[in-house]
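Residue numbers count from 1 along this sequence.
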Amino acid sequence: MLMKALITQRESVDRYGVATDTLESSYIRYFEDLGYGCFPVSNHVSDVGYLFGIEPDLLVLTGGGSVPGKYYEPVREGEEMPCRDRMEKALFEEALRGNIPVVAICRGMQHVNALMGGSISELSDMPVSRPIGEDHPVSFGNDTLMVNNYHNDGIYAHQLADGLVPLCMDTENGVVEAYISREHRILGMQFHPEREMSDPRSARRIRSLIQNFIGR
């Protein structure tokens, strides 16, 4: 049976100054392969209520860009996307009310943490450097996985919101790479499962993590 997933998008502006939405095709391919029909959500819908009329089985909060700077330690000027921020907050709250699973990826993971009372930092002074585009090790229980890295910001362990539990850690830097909620159906991942990873075994473990979470 085909399930239904609402998927958020980046907030952009085209060369004419017109507001647009952007979604990488890899998200669609990945979640279709997991058995979902994908419904991209525009950042410019005035009310998210009718979107839930399709009775979605999953909400995916995607990556790309920064969350509002007020959530950072210290507070900073962020690459804010006000329409997206409003849209994702409304979608997230509606999903919680409806007990709909939420998979939050990269920026999405950071935004959920912020909405639940946590904070975010720029990852500029870590003990062990994590170059963009290079996979790096994270602990996953008693296992070590190699995951991709496309983020400049992240969540140190002390910044994790109450009720969120680390699943994967960059132990060398004290950075949370994945979490799950004690109370709600939320899975957050700082890495991108929909993008290529250098280690096929790690990619399979992460896919299994998502499948177990969503019950597929």
Side-chain angles (χ1 to χ4, degrees), residues 3 5 7-10 12 22-36 38 40 58-67 79 101-114 118 120-160 164-181 186-216:
M3 309 288 271
I7 298 184
T8 64
Q9 305 185 69
R10 297 178 188 234
S12 308
T22 306
L23 179 65
E24 296 174 17
S25 60
S26 54
Y27 287 109
I28 302 297
R29 291 194 298 270
Y30 191 84
F31 284 96
E32 278 192 346
D33 194 46
L34 289 176
Y36 286 87
C38 299
L58 179 68
L59 172 63
V60 181
L61 302 180
T62 60
S66 300
V67 301
E79 301 170 10
V102 178
V103 172
I105 298 170
C106 199
R107 181 195 191 272
M109 171 184 171
Q110 297 167 16
H111 199 188
V112 166
N113 182 58
I120 306 157
S121 289
E122 290 188 59
L123 303 180
S124 54
D125 297 315
M126 295 188 295
V128 180
S129 176
R130 301 299 187 208
I132 298 296
E134 293 186 15
D135 289 9
H136 65 89
V138 299
S139 64
F140 179 42
N142 295 323
D143 199 0
T144 298
L145 305 180
M146 294 297 295
V147 300
N148 54 36
N149 178 46
Y150 294 100
H151 54 280
N152 296 306
D153 306 325
I155 303 165
Y156 288 107
H158 74 274
Q159 297 178 301
L160 198 61
L164 298 179
V165 180
L167 283 180
C168 297
M169 288 290 300
D170 175 353
T171 55
E172 293 178 310
N173 292 302
V175 174
V176 179
E177 291 282 341
Y179 60 64
I180 199 163
S181 171
I186 302 168
L187 172 64
M189 294 169 287
Q190 187 60 73
F191 43 83
H192 285 260
E194 81 286 356
R195 295 182 183 175
E196 185 177 356
M197 296 189 185
S198 60
D199 177 30
R201 186 189 69 88
S202 296
R204 290 193 299 269
R205 288 295 310 275
I206 292 162
R207 181 184 174 92
S208 294
L209 170 65
I210 297 171
Q211 288 174 311
N212 291 335
F213 170 73
I214 59 182
R216 298 306 303 271

Problem - Candidate pair Glu172 and Arg130, rule salt bridge (charged side-chain N to carboxylate O under 4.0 Å, His left out), full reasoning - result: CA-CA 10 Å; Glu172 293 178 310; Arg130 301 299 187 208; 2.6 Å; yes
Exercise for the section: Please lay out, stage by stage, how Arg201 and Leu145 fare under the test side chain to side chain contact (heavy atoms under 4.5 Å, CB included). Expected result: CA-CA 8 Å; Arg201 186 189 69 88; Leu145 305 180; 4.0 Å; yes
Problem - Check: Glu134 side chain, Asn149 main-chain N or O, donor-acceptor pair, under 3.5 Å - result: no
Practice task
Start with the C-alpha gap between Tyr179 and Leu167, add the side-chain angles, then the distance that decides, and say whether side chain to side chain contact (heavy atoms under 4.5 Å, CB included) holds.
Solution key: CA-CA 5 Å; Tyr179 60 64; Leu167 283 180; 5.7 Å; no
Practice task
Can you see which heavy atom on Gln9 is nearest to which on Leu23, and at what distance?
Solution key: OE1-CB, 3.5 Å
Practice task
Output yes when a side-chain donor or acceptor of Gln159 lies under 3.5 Å from a complementary backbone atom of Tyr156, and no otherwise.
Solution key: yes
Practice task
Give a yes-or-no answer on whether the side chains of Ser139 and Thr171 include a donor-acceptor pair shorter than 3.5 Å.
Solution key: no
Handout entry: Residues Ser25 and Arg29: side-chain donor-acceptor under 3.5 angstrom
Key = yes
Handout entry: Within-4.5 Å side-chain heavy-atom neighbours: Ser181 and Val165
Key = no
Practice task
State whether the side chain of Asp199 and the backbone N or O of Met146 hold a donor-acceptor pair below 3.5 Å, judged by distance alone.
Solution key: no
Exercise for the section: Please round to the nearest 0.5 Å and tell me the distance separating atom CG of Leu59 and atom CD1 of Ile7. Expected result: 9.0 Å
Practice task
Please test Leu164 against Asn113 for side chain to side chain contact (heavy atoms under 4.5 Å, CB included), starting from the C-alpha separation and ending with a verdict.
Solution key: CA-CA 8 Å; Leu164 298 179; Asn113 182 58; 3.7 Å; yes
Practice task
Would you check, one step at a time, whether the test side chain to side chain contact (heavy atoms under 4.5 Å, CB included) holds for Tyr36 with Val60?
Solution key: CA-CA 11 Å; Tyr36 286 87; Val60 181; over 6 Å; no
Problem - Spatial distance of atom CD (Gln110) from atom OG (Ser121) [nearest 0.5 Å] - result: 10.0 Å
Problem - Any Ile28 side-chain heavy atom under 4.5 Å of Tyr30 side chain - result: no
Exercise for the section: Taking the side chain as every heavy atom from C-beta outward, state whether Ile206 and Met189 have any pair of such atoms under 4.5 Å apart. Expected result: yes
Handout entry: Reported CD1-to-CZ distance for the pair Ile120 and Arg107, which is rounded to 0.5 angstrom
Key = 8.5 Å
Practice task
Tell me, with the steps shown, if Arg207 and Asp33 meet salt bridge (charged side-chain N to carboxylate O under 4.0 Å, His left out).
Solution key: CA-CA 11 Å; Arg207 181 184 174 92; Asp33 194 46; 3.1 Å; yes
Handout entry: Side-chain touch Glu122/Asn152, heavy atoms, less than 4.5 angstrom
Key = no
Problem - Arg195 and Asp135 ion-paired at < 4.0 Å - result: no
Practice task
Using modelled atom types only, decide if a donor and an acceptor are shared between the side chain of Thr8 and the backbone of Thr62 within a distance under 3.5 Å.
Solution key: yes
Handout entry: Leu34 side chain reached by Ile210 side chain, heavy atoms, under 4.5 Å
Key = yes
Practice task
Provide the closest heavy-atom pair for Glu194 versus Ser26 in the form atom of the first, atom of the second, distance.
Solution key: CG-OG, 3.4 Å
Problem - Nearest non-hydrogen partners of Gly65 and Arg10, listed with the distance - result: N-NH1, 4.4 Å
Handout entry: Nearest non-hydrogen partners of Asp153 and His151, listed with the distance
Key = O-CD2, 3.0 Å
Problem - Minimal non-hydrogen separation, Leu58 against Val103, with atom names - result: CD1-CG2, 3.8 Å
Problem - Note, Met109 side chain near Ile155 side chain (heavy atom, < 4.5 Å) - result: yes
Problem - Distance-minimising heavy-atom pair for Tyr150 and Gly133 - result: CE2-CA, 4.1 Å
Problem - Test item: Cys106 and His192 side chains (from C-beta on) under 4.5 Å apart, heavy atoms - result: yes
Problem - Main-chain N/O of Val138 paired with Asp170 side-chain donor or acceptor, under 3.5 Å - result: no
Handout entry: Flag side-chain contact, heavy atom, 4.5 Å: Met169 against Val176
Key = yes
Problem - From Asn148 atom CG to Gln190 atom CD, the distance as rounded to the nearest 0.5 Å - result: 10.0 Å
